[in-house]
S.K.: 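After the structure tokens below, expect a handful of questions from me.
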Amino acid sequence: MKVLIANRGEIAVRIIRACGELGYGTVAVYSEADRSALHVVYADQAVPIGPAPSRESYLRIDRILDAAKKTGADAIHPGYGFLAENAEFARACKDAGLIFVGPSPEAIEAMGHKTRARARMQAAGVPVVPGLIEPVKSFDEIAAFAHSAGFPIMIKAAAGGGGKGMRLVSTEAELRPAYDRTTSEAASFFGDPEVYAEKFIEAPRHIEVQILGDQHGNIIHLGERECTLQRRHQKVVEECPSPVVDEELRAQLGAMAVRAAAAVGYYSAGTVECLMGADKKFYFLEMNTRLQVEHPVTEMVWGIDLVKAQLLIARGGTLPWTQGDVKPSGHAIECRIYAEDPMRKFAPSPGLIRYINLPQGPGVRNENGVYSGYTVPVFYDPMLSKLVCHGSTRDAAIARMKRALTEYRVEGIETTIPFFTVIMHNADFRAGRFDTGFIDRLLPLLDISRPPADDRRVEAAISAAAILAFEESQRVQLPDDGDSAWRRAGRLEAMRGPL
Amino acid sequence: MKVLIANRGEIAVRIIRACGELGYGTVAVYSEADRSALHVVYADQAVPIGPAPSRESYLRIDRILDAAKKTGADAIHPGYGFLAENAEFARACKDAGLIFVGPSPEAIEAMGHKTRARARMQAAGVPVVPGLIEPVKSFDEIAAFAHSAGFPIMIKAAAGGGGKGMRLVSTEAELRPAYDRTTSEAASFFGDPEVYAEKFIEAPRHIEVQILGDQHGNIIHLGERECTLQRRHQKVVEECPSPVVDEELRAQLGAMAVRAAAAVGYYSAGTVECLMGADKKFYFLEMNTRLQVEHPVTEMVWGIDLVKAQLLIARGGTLPWTQGDVKPSGHAIECRIYAEDPMRKFAPSPGLIRYINLPQGPGVRNENGVYSGYTVPVFYDPMLSKLVCHGSTRDAAIARMKRALTEYRVEGIETTIPFFTVIMHNADFRAGRFDTGFIDRLLPLLDISRPPADDRRVEAAISAAAILAFEESQRVQLPDDGDSAWRRAGRLEAMRGPL
Amino acid sequence: MKLIARYEDLDLGVEVEREGSGYRLTVGERTFHIDMVNCGPYVHSLRFDDGEQFSLIHDSVGNDHEVTLRGSKVKVEIVDPLALRRKQREDSAGEGGIVKALMPGRIVRILVEAGQEVAKGTGILILEAMKMENEIQAPAAGTIEEIFVKPGDTVEGGAPLVHLV
Amino acid sequence: MKLIARYEDLDLGVEVEREGSGYRLTVGERTFHIDMVNCGPYVHSLRFDDGEQFSLIHDSVGNDHEVTLRGSKVKVEIVDPLALRRKQREDSAGEGGIVKALMPGRIVRILVEAGQEVAKGTGILILEAMKMENEIQAPAAGTIEEIFVKPGDTVEGGAPLVHLV
């Protein structure tokens, strides 16, 4: 068995690891900007599939299938993003005689079109978010909806998902620019400019349920994840279980998710996303027909390897567990480590990672996508790695995360690590009191405070910097020291061409 | 609460991590050779306690107590080795008003003298290894024992443990040199030249039982560890559970271990070591009155943090679990990563670690004691770090270990990583068929085979080396390139003085 | 050697001298005797003469030093006084009117024209990097003197975008 | 540039030339067109012209190169032919009679005396490193011409211990 991974970054590495443990061969595909990426380093084989822009590489179905044919791969795992929820791709894999590690093209289609999915779920008796409408053909339609439903509304790309391609609109004035930008991003990122709108539910929690189904009709759920902490509609911290879900509510959420999945004949791993109000009423939002970024928190608590389960299911295997066999244990939290500068409005911070020190020790899991000496390209997501910590209780998991963040060091680029330290120390977060607006309300208070100049740490830091500057000045000036011309040339090379 | 860690290397880092998660302050102590050691980097405070030789630093009770006083520490954790099983040290801590994180001095003494411990265990109804005798005063006594019991025998340091200070003697000719060297090592490492001897049981397994007791008389066991794979009487691979112990045998072993611990009023974490024959009869060997190197395999399978439990117990807390509350789950394996060259008879390989890539991802735990750029000193144990992998079954744990070893890269010094790859692929190991002689029998077969010259990998490697040598030759010759005079001077500095 | 350390808004005079195998430092009014050991390319161990020890991670680009120690990151600029005076002259010469790219990326749209007057905070252009569109705003009111880039251009971090006078 | 690559017991002639942004290599009888990119201080990506790609970790000390790729570690020595000829002359001059320390450590005991005849495998001295006593043995039969160390000495790896003729 040989598996081609049609993805990059930490998720490609995650899948390569699972395949390696199962004794399966692995094939990485990579754009020219990704020659030095970790997934290329770790795969058994690697095939170039085009220039840096995703449109010309990671989204090119023809080139990926060519790579599979050339290397004799038996299966393709799409990861998340890129082609993971593209039914045409899933179908093209099947047509080429390859196993697609995911659900059927029909299930992807059924859930992919968010508005049609909602109708189908409603028919299956699954509660849905109020206010959903069909995708619009023009700005006028969206304006009409906004006027009838009243602000705030959300504009979302019909083909979007995972927090991409959606915008909150609170006032009339913002409507036109938001529509234009969402449409443009939808066309650029998903190849489909269609957008729709829905009424925005205030102060909700974002809860999602993990399901696992096989091709023989067995479906189980693996409880919920708490994904309420978001910035720009992107999740930043996820946990399992949710601090506000008890065993009874978990059973209700699970039953709803299994019903939703069964309604579309779902198999493989999948996630049913819900909004939950303060009254703990929950509404189906969408189903992600793929592995989720935050799947490790579920794995650590439920003791099941979701990627290995996907591979088993894709090969036609039967789920080895019934609902009664699986039980959660302890608590897990994930922080997404981004190449963004929290002190400069989260501006992207690509570039050379000069030094990295990953946290280690008990209960710490690094889903890493980068390494010391690697240059983070500008073409893709700013997510570098994920840090996941497990503890016997939520408090223990938070304490472990705080400890791990202290060990985590990245030099050369800025990352969101200090921002997570602030969150882990926040009293409301520690008490489990938050909604999806938490991060935005926290941002103005974000004072990653610096010690005063007479603090011994500052004296030590200034002394060290002065000594090293002094030592540097004593050295002969070398023509080719440090960042070599050769390496600089390689970096400019990677920057060339359209994004 | 502030804890001083009277140790170095990976175990000091392990304890600092646990304290950090509990919100306790940490104080590292270090010899002059250890200024750049990871435990010094990670502790809140660090205090120098003398020159490189352990005798003048890590074994100096007075200096360690001074450091505790100076920093206002409340407790001292001894780790393993050094002063961990020194009753005098435990008593001195108490006398200085400090909490000693370990058992009572009386329990250490009772178990510390191996021959007296055996008598006490026999009296408590615990089965012991046949043939034990009192420590000898002269070579003649040991010769007399050898002649009456017959070869092979083991000569052991009375104050030894953990595989140190013991020698197998199979023939008359070896007896005198073995006696001399064991006596000399016992004097040098443990400060006590006394040795004793016992009949050597052939082809046994080494099984040990983890126990945890509080100061209120509650004692539970956390099952067994399989520690049969040894080289020069040092464990190299440990696992939990043992592949040959079933639930019934585990209950018997556990009951025996709890009885042994109760007989000496034991509290804190402790390990009862046994030999087990092919008939699954087991014999008490010794009790290690401290945390064990291989404790993480038990932690990963039983879900209990032994260091945090030790700290709770030391503060007078009550064990939060009864025997019925604790259950094993899955399987864990540990490999001890040593700075030794398996291709050169495991010769020590200290020096500069130019580059290190630790394995990551699901089920992988690094208990690391070193980092990229660190120079491994010659003065201490060659153990750099431990790699621990957990899986749902023994096969899954082995597969994960194989995958992790593939990711593990250390450049600059040689390590035992390739040796573990060979063990993980060995059919007998995979089948669980081994005894304490397994590694010695495997060594002659150790062919960490190299690919032939026309293999594409070799062509690629030769090409890369040639290109880099070519590029190097094209560069201006720099006076101070690479390994700087400054750093070389630092290394020579660290080498100075007696070992 | 005399240096200036800039921390937050403070300029501190620093004097560094070798002293035995260590260093003698004067920082502002205070004098330290320091012993420092290189533990690898980025890790250093610094010890004051009262025995207090700091393990630190150090990285620098030009004069900008980042030192991480005991969970805090301290950013400090170390300049020699001559270079500082030169820099101040350049600053007053009005080089500050160049708006630079804060990150590498691709120019998506230009929102202003040459000659246009802009208020502080007016969007100048949209820079795409890492799948996000980032609006670059005017740091002060003024007139757009010159635009150095066009849509579709790929720029490195620090590249000049427009001249604002 | 002409080089010699030593792998296992083979000496292979290697010729390296720049070719466009890549390299042209002749290794023994075979010619490769190779594109190689530096991915960091130790990681490199090498691609043959048929598209086969290798990510590798490279480290070298002097002429000794270690290349790790696809789970294998390949040790190869790269020398230029002039240097090799010089080395062969030195070898035949009998420098091989110096027994060197394989690792840094401390001399515990000397087991031989100057002038003593020894058989191959005779223990010469005991070197302690990392808490282990290691016996250094005579690599061949001969006479101990000179002993360079004494008990208690600390030596670096590669330090000469005795001269055996």
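Chain letters run A, B, ... following the sequence lines, proteins first, then strands; residues in each count from 1.
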S.K.: On the 0 to 90° scale, with breaks at 30° and 60°, tag the Y42(C)-Y355(A) ring pair as parallel, tilted or perpendicular.
M.R.: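 Geometry flag for Y355(A) against Y42(C): tilted rings.
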S.K.: Only pairs of heavy atoms separated by less than 4.5 Å count here; which of A347(A), A339(A), S463(A) has the most with chain C?
M.R.: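 Highest number of pairs under 4.5 Å: S463(A).
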S.K.: Just give me the residue among L46(C), I78(C), V61(C), D59(C) that pairs up with chain A most often, heavy atom to heavy atom, under 4.5 Å.
M.R.: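 The option with the most such pairs is D59(C).
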S.K.: In terms of heavy-atom pairs under 4.5 Å with chain A, which of V14(C), I34(C), L10(C), D50(C) leads?
M.R.: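 Top option by heavy-atom pairs under 4.5 Å: D50(C).
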S.K.: Check whether V43(C) gets within reach of chain A through its side chain, its backbone, both or neither, counting any heavy atom under 4.5 Å.
M.R.: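 Side chain of V43(C) only, per the 4.5 Å heavy-atom cut-off to chain A.
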S.K.: For Y408(A), check ring pair (Phe, Tyr, Trp, His ring centres under 6.0 Å) against everything at least two apart and list the hits.
M.R.: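 Expected list: none.
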S.K.: What part of F470(A) is in contact with chain C, defined as an atom under 4.5 angstrom from a non-hydrogen atom: side chain, backbone, both or neither?
M.R.: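 Its backbone and side chain both get close to chain C.
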S.K.: Looking at residues at least two apart in the chain, or sitting in another chain, which of them share a side-chain contact (heavy atoms from CB on, under 4.5 Å) with E113(C)?
M.R.: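 E113(C): side-chain contact (heavy atoms from CB on, under 4.5 Å) contacts with Q116(C).
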S.K.: Does any heavy atom of chain C fall under 4.5 Å from the side chain of R344(A), the backbone, both, or neither of them?
M.R.: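 Just its side chain gets close to chain C.
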S.K.: Walk me through whether M130(C) and Y338(A) qualify under side-chain contact (heavy atoms from CB on, under 4.5 Å).
M.R.: CA-CA 10 Å; M130(C) 302 188 117; Y338(A) 278 71; over 6 Å; no
S.K.: Under 4.5 Å heavy-atom distance to chain A, tell me which part of L69(C) shows up: side chain, backbone, both or neither.
M.R.: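 Contact with chain A is through both the backbone and side chain of L69(C).
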S.K.: Flag the one option from V16(C), L3(C), L56(C), V76(C) with the top tally of heavy-atom pairs under 4.5 Å to chain A.
M.R.: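 The option with the most such pairs is V16(C).
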S.K.: Does E414(A) pair with K75(C) as a salt bridge, N-O distance under 4.0 Å?
M.R.: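 Looking at E414(A) and K75(C), the cut-off is met.
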S.K.: Sort out for me which of I462(A), V376(A), D341(A) touches chain C most, counting heavy-atom pairs under 4.5 Å.
M.R.: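 Sorted descending by pairs with chain C, the first entry is I462(A).
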S.K.: Apply the test side-chain contact (heavy atoms from CB on, under 4.5 Å) to residues K73(C) and R409(A): give CA-CA distance (whole Å), side-chain angles for both, the deciding distance (0.1 Å), then the verdict.
M.R.: CA-CA 10 Å; K73(C) 190 185 261 192; R409(A) 293 283 162 247; 6.0 Å; no
S.K.: Looking at side-chain heavy atoms only, is the closest gap between L468(A) and M36(C) below 4.5 Å?
M.R.: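 Answer yes - side chains close enough.
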S.K.: Quick one: pull up CD1 in I467(A) and CG in D35(C) and give me the separation to the nearest 0.5 Å.
M.R.: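 Separation between the atoms: 9.0 Å.
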S.K.: Carefully, step by step, assess T68(C) and E411(A) under the rule side-chain contact (heavy atoms from CB on, under 4.5 Å).
M.R.: CA-CA 10 Å; T68(C) 307; E411(A) 301 294 332; 3.6 Å; yes
S.K.: Measure across P348(A) and A129(C) and return the closest heavy-atom pair with its distance rounded to 0.1 Å.
M.R.: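 Smallest interatomic distance, heavy atoms only, reads CG-O, 3.9 Å.
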S.K.: Strictly below 4.0 Å, N to O, side chains only: are R457(A) and E52(C) in salt-bridge contact?
M.R.: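 No, this pair does not count.
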S.K.: Using 4.0 Å as the upper bound for N to carboxylate O, is an ion pair formed by D455(A) and R70(C)?
M.R.: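 Result for this pair is no, no salt bridge flagged.
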S.K.: Starting from the C-alpha separation in whole Å, work towards a yes-or-no answer on side-chain contact (heavy atoms from CB on, under 4.5 Å) for F48(C) and R456(A).
M.R.: CA-CA 10 Å; F48(C) 290 103; R456(A) 203 90 201 263; 3.1 Å; yes
S.K.: Answer with side chain, backbone, both or neither: which region of L127(C) has an atom nearer than 4.5 Å to a non-hydrogen atom of chain A?
M.R.: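 Nothing of L127(C), per the 4.5 Å heavy-atom cut-off to chain A.
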S.K.: Find the one option among A460(A), A469(A), G412(A) whose heavy-atom pairs under 4.5 Å with chain C are most numerous.
M.R.: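 That would be A460(A).
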S.K.: Chain A heavy atoms under 4.5 Å from S60(C): which part of the residue, side chain, backbone, both or neither?
M.R.: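 Contact with chain A involves the backbone of S60(C) alone.
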S.K.: Could you walk me through whether E459(A) and Y7(C) pass the side-chain hydrogen bond (donor to acceptor under 3.5 Å, both in side chains) test, one step at a time?
M.R.: CA-CA 10 Å; E459(A) 291 177 345; Y7(C) 175 67; over 6 Å; no
S.K.: Using heavy-atom distances under 4.5 Å, tell me whether R47(C) contacts chain A through its side chain, its backbone, both, or neither.
M.R.: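 R47(C) has no heavy atom closer than 4.5 Å to chain A.
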S.K.: For S184(A) versus E133(C), what's the shortest heavy-atom pair and its separation?
M.R.: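 Minimum heavy-atom contact is OG-OE2, 4.4 Å.
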